[in-house]
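Report on the structure given below.
Start at 1 and go down the list; that is how both ligands and their atoms are numbered.
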Amino acid sequence: MNNLVHIDSQSPQPELIERAATILRGGGLVAFPTETVYGLGALALNLKAIHKIFLAKERPDWDPLIVHVGDVAMARSLMKGAPASFEALAHQFWPGPLTFVVDKADHVPGEVTAHRPTVALRMPWHPVATALLKATGAPIAAPSANRFGRPSPTRAEHVLEDLANRVDLILDAGPTPMGVESTVLDLTQSPPVILRPGGVPREDLEKAIGEVPLASAVEGEIARAGLAGPGMSLKHYAPRARVELLDGDPNKTVIALKRRVEELKREGKTFYILANYGDQRLYAQTLFDQMRDADSRQADVILAIMPPGRGLGLAVRDRLLRAAGSPAAPAAQKTNHE
Ligand code: TXA
Ligand code: MG
């Protein structure tokens, strides 16, 4: 366990940052907090280091990585020409939980981008992440620090659970403030398309640039879409327990929930009801932690009431749908929130 060190989330200790940066420069793996979830970091332009990420996560090589940058200039150096909307969007939303998919510069290794002509770039605001990027002075590839298909880690304990001795150092700064991953926005399409709803709400993007469609595999069509694209695989962010979703009119979902609880009791099944706190920010913040908690209590079934698809609710809905591996709400009617 001595590969885990506690670090101050607001004023990270320089000696710990330097220790982490040294590991990265040597081609090692460092798990670090971002404002969304913990990332599994390695030097983005170092092939051996990138390979270690895929091995540690047991991530299939068709799933491309997000590259984290310390500033806009570093982002520009990794892309081929900047798309029209990049400067304004970066100015407004960076640093923050927004990832841009753009045409990649030639020197960005195909291993990072799953041999796509595009690269995903994000500038985080978490003080530990920004300090690490500054100390390293180089782009850091970092997918979420979980084993492939498992819920993303929002606490260092989750990273230990999934990756333990597969990572050289874990910087533990406590729970991550947002709890769901960044919004992934494809700037190679016009208008830009949301490939994954996340920490920056769709409404905020639309205020800035007008209508922003969701990729068709997101939300409603998720089941039929199956393996439509990277990050869109159906069973993902998944706990071991079966996830059942209740959607629609709040009064009806509560009745449906009670009925389902009675059924499960009769069947002798153990269940875990996700708290939604009636607050999308808290729901997002605790979602993955609750899924892991349900697993550690060996619940057979997780019952989750779907939030409305506004604000962070859209990201929560997306993660719940993927965790369930099905868009169906067993008991209540689905609202047409989109
Ligand atoms: O909040 C986050 O984004 C976190 C923190 C650590 O920054 N990272 C994260 O990375 O969630 P990951 O690898 O778990 O998810 C990255 C998503 C995947 O769905 C991946 O397929 C998609 O971004 N992606 C990466 N590069 C892409 C590309 N070139 N085109 C389309 N999608 C891409
Ligand atoms: Mg992930």
Side-chain angles (χ1 to χ4, degrees), residues 29-42 44 50 53-54 56-69 78-80 93-105 108-126 128-130 132-133 139-154 158-159 162-163 171 173 176-189 192-200 215 217-218 227-238 284 288 312 315 318-319 322-323:
L29 298 182
V30 175
F32 63 95
T34 77
E35 62 273 26
T36 57
V37 300
Y38 277 78
L40 178 62
I50 293 303
I53 290 183
F54 283 89
K57 281 190 57 113
E58 298 172 29
R59 185 179 177 105
D61 59 8
W62 49 257
D63 201 357
L65 305 176
I66 293 180
V67 177
H68 296 67
V69 295
L78 298 168
M79 57 177 93
K80 187 173 269 172
F93 294 100
W94 274 7
L98 181 59
T99 296
F100 298 117
V101 170
V102 295
D103 290 326
K104 78 173 190 73
V108 175
E111 283 76 1
V112 172
T113 67
H115 301 284
R116 295 169 163 252
T118 54
V119 62
L121 301 173
R122 159 160 129 80
M123 178 175 163
W125 64 246
H126 194 292
V128 173
T130 52
L132 189 57
L133 281 159
I140 299 176
S144 51
N146 52 283
R147 285 210 199 182
F148 184 72
R150 297 271 298 141
S152 291
T154 57
H158 302 161
V159 181
D162 279 17
L163 302 175
L171 296 175
T176 55
M178 303 203 68
V180 287
E181 305 88 339
S182 62
T183 302
V184 178
L185 186 67
D186 185 355
L187 293 187
T188 68
Q189 304 190 54
V193 171
I194 294 177
L195 301 181
R196 177 180 73 182
V200 168
V218 180
L227 291 169
M232 294 174 177
S233 55
L234 185 53
K235 187 89 176 172
H236 207 169
Y237 310 102
F288 292 135
L312 287 178
D318 173 73
R319 305 309 184 270
R322 291 173 201 280

Check: If you measure every N/O of Ser182 against every N/O of ligand 1, is any gap under 3.5 Å?
Finding: yes
Next item on the list: For Thr176, enumerate each residue passing the side-chain hydrogen bond (donor to acceptor under 3.5 Å, both in side chains) test, keeping only those at least two apart in sequence or located in another chain.
Entry: none
Item checked: For atom 10 (O) of ligand 1, the option (of Ala141, Ser144, Ala114) bearing the nearest heavy atom -> Ser144
Notebook entry, point to check: Can you list the ligand 1 atoms lying under 4.0 Å from a non-hydrogen atom of Leu195?
Noted result: 31 (C), 32 (N)
Next item on the list: Run the numbers for me: atoms of ligand 1, each under 4.0 Å from some heavy atom of Glu181, listed by number.
Entry: 1 (O), 2 (C), 11 (O)
Note to self: Measuring from atom NE2 of His115 to atom CG of Asp61, what distance do you get when rounded to the nearest 0.5 angstrom?
What the structure shows: 7.0 Å
Check: Which ligand 1 atoms, with their elements, are less than 4.0 angstrom from a heavy-atom of Ala120?
Finding: 25 (C), 26 (N), 27 (C)
Item checked: Numbered atoms and elements of ligand 1 in range of Ile66, under 4.0 angstrom, heavy atoms -> 3 (O), 8 (N), 9 (C), 10 (O), 16 (C), 23 (O)
Margin query: Taking 4.0 angstrom as the limit and counting only heavy atoms of Leu65, give me the atoms of ligand 1 inside it, by number and element.
Written below: 25 (C), 26 (N)
Margin query: What I want to find out is whether Arg122 reaches Glu35 closely enough, with some N-O distance under 4.0 Å, to be called a salt bridge.
Written below: yes
Next item on the list: Scan Ser182, Ser144, Pro124 and name whichever one has a side chain to side chain contact (heavy atoms under 4.5 Å, CB included) with Ile66.
Entry: Ser182
Check: Backbone or side chain, does Ser152 get an N/O/S atom under 2.8 Å to the Mg ion (ligand 2)?
Finding: no
Note to self: Working to the nearest 0.5 angstrom, can you tell me the gap between Arg116 CZ and Thr188 OG1?
What the structure shows: 9.5 Å
Note to self: Going by ring pair (Phe, Tyr, Trp, His ring centres under 6.0 Å), name the residues that satisfy it together with Tyr38, two or more places apart in sequence or in a different chain.
What the structure shows: none
Next item on the list: Output yes when the distance from some N or O of ligand 1 to some N or O of Thr36 is under 3.5 Å, and no in every other case.
Entry: yes
Checklist line | 4.0 Å heavy-atom contact, Lys104 with ligand 1 | finding: no
Next item on the list: Run through Thr118, Asp186, Val119, Leu78 and flag the one making a side chain to side chain contact (heavy atoms under 4.5 Å, CB included) with Val102.
Entry: Val119
Check: Among the heavy atoms of Ala142, does any lie under 4.0 Å from an atom of ligand 1?
Finding: yes
Margin query: Yes or no: does His68 have any heavy atom under 4.0 Å from an atom of ligand 1?
Written below: yes
Next item on the list: May I ask which of Ile140, Val67, Thr118 has a heavy atom nearer to atom 29 (N) of ligand 1 than the others do?
Entry: Thr118
Check: Is there any N or O on Thr113 that sits under 3.5 Å from an N or O of ligand 1?
Finding: no
Item checked: ligand 1 N/O within reach of Tyr38 N/O, cut-off under 3.5 Å -> no
Checklist line | ligand 1 N/O within reach of Lys57 N/O, cut-off under 3.5 Å | finding: no
Checklist line | Check: Arg196/Thr99 side-chain N/O donor and acceptor closer than 3.5 Å | finding: no
Next item on the list: State the CZ-CH2 distance between Phe54 and Trp62, to the nearest 0.5 angstrom.
Entry: 10.5 Å
Notebook entry, point to check: Atom CZ in Arg147, atom CG in Leu163: separation rounded to 0.5 Å?
Noted result: 6.5 Å
Next item on the list: Would you kindly specify which portion of Glu35 sits under 4.0 Å from ligand 1, judged on non-hydrogen atoms: side chain, backbone, both or neither?
Entry: neither
Item checked: Value rounded to 0.5 Å, distance of CD in Glu58 from CG in Asp162 -> 9.5 Å
